[in-house]
Amino acid sequence: MRFLLVSPVLMGIGFITPITAQPTASKVIIPKTCFNSQSDFDANFNYLYPWGSDHNGAARMDKAHVALSDNTLTLTAQPVKGQKDASHGGKAIPIHYLSGAVNAKQHFTVSPKGGFDFSGDFQATTTKGTWPAFWLTAVTGWPPEVDMAEWKGSGKISFNTFNTSSSVLAKDVNYPSPGNFHSIRSELRDLNGKDVQIKFYMDGSLVTTQVGKGYVGQAMYLVINLQMEGSSGSPGPTTIKNLEILSYNP
Ligand SMILES: *[C@@H]1O[C@H](CO)[C@@H](O)[C@H](O)[C@H]1NC(C)=O
C-alpha cells in the first residue's frame, strides 16, 4: 500500500543571469528549460542534498521520489519503515519517509556589486509534518543560509536569513490557497561590499527585506527539498514550477 503524502515539488525552471551594478539581467546561468527533460535536469541539478540523503528531519532523500514532467519538478514523500536513523547535530533522527531533494550543480557567490535573482512558482503543502523548502546554504562552514521560501506545516510561509544560529531575521506570513501556485522571488544584492541584502517577494509583492552579514564572496548551494516532520509537525504535498535564477554578478 502506498500512501502518497505527496508532494510535488516542482521546479519549473531555473535561470540565472549575471548582472552588473545596475540590475540588468545579463546572463542566464540555469535556463528555464531545466526541467524539460532528464538531460536538461542533469545539466543543471544533482539529486539529494549536496552532502547526501539525510538532513534535519524524518525524510531520507532518494532519486525515486523526484519526478520531471510538464517542465515541472515534483518531489513526493512516502512513508517507510525499517530505515536506520539519520544523524544530525549529534542527535539520532528516526526516518519515517522517503522523499526528494535536488541541488543545483552551480554554486552561487554574490560578487562585489553583483547579485542574483531566484524565482519560481511553487505549489507547497502547509500540512502539519511537511517541511518543503527552497533555500541557499553555505558550501563551506555556515552561515550563509537564506530560506527563500520555507513551509513548516503551520499554514504560513517563512523567509529567513542567518548571521549565526541565534541571530536570524525571520518573517512568517500567511500562505494563501496552498493548492494553487504562488510565485516566489528572492533578489540578492551586494549592499556594501561585505553584506548581502535580500528582498523577498511573494506573488509580486515585497514581503520583507533582510541582510546577511558577510555574505559577499561566500559560495552557496541552492537546495529544493521536501523534508518531513522536524520543524513542521506531520505529513502533506508540495509543487514548484517556473523556477528562474538570474545572476547580476559583474
Ligand atoms: C545581520 O547582520 C546584518 C549586517 O550587519 C544586519 O543588518 C542584520 O540586522 C543582522 N541580523 C540580525 C538578526 O541581527
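Note that the numbering runs from 1 along the sequence shown for the chain. Atoms within a ligand are numbered from 1 in the order they appear, just like the ligands themselves.
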Candidate list Glu145, Gln210, Lys213, test side chain to side chain donor-acceptor pair (under 3.5 Å), partner Thr161, passing option: Gln210

Would you call the rings of Phe118 and Phe116 parallel, tilted or perpendicular if under 30° counts as parallel and over 60° as perpendicular? tilted

Could you pull out every protein residue that has a heavy atom closer than 4.0 Å to ligand 1, ordered by chain and then number? Asn163, Ser167, Val168, Leu169, Asp195, Val211, Lys213

The criterion is ring-ring contact (aromatic ring centres under 6.0 Å, His included); which residues satisfy it with Trp142, sequence neighbours excluded? Phe162

Could you work out, with ring-ring contact (aromatic ring centres under 6.0 Å, His included) as the rule, every residue matching Tyr215, not counting sequence neighbours? none

Can you list the residues that meet the side chain to side chain donor-acceptor pair (under 3.5 Å) rule with Ser39, with sequence neighbours excluded? Ser37

State whether Arg60 and Asp54 are salt-bridged, where the test is any N-O pair (Lys NZ or Arg NE/NH1/NH2 against Asp/Glu carboxylate O) under 4.0 Å. yes

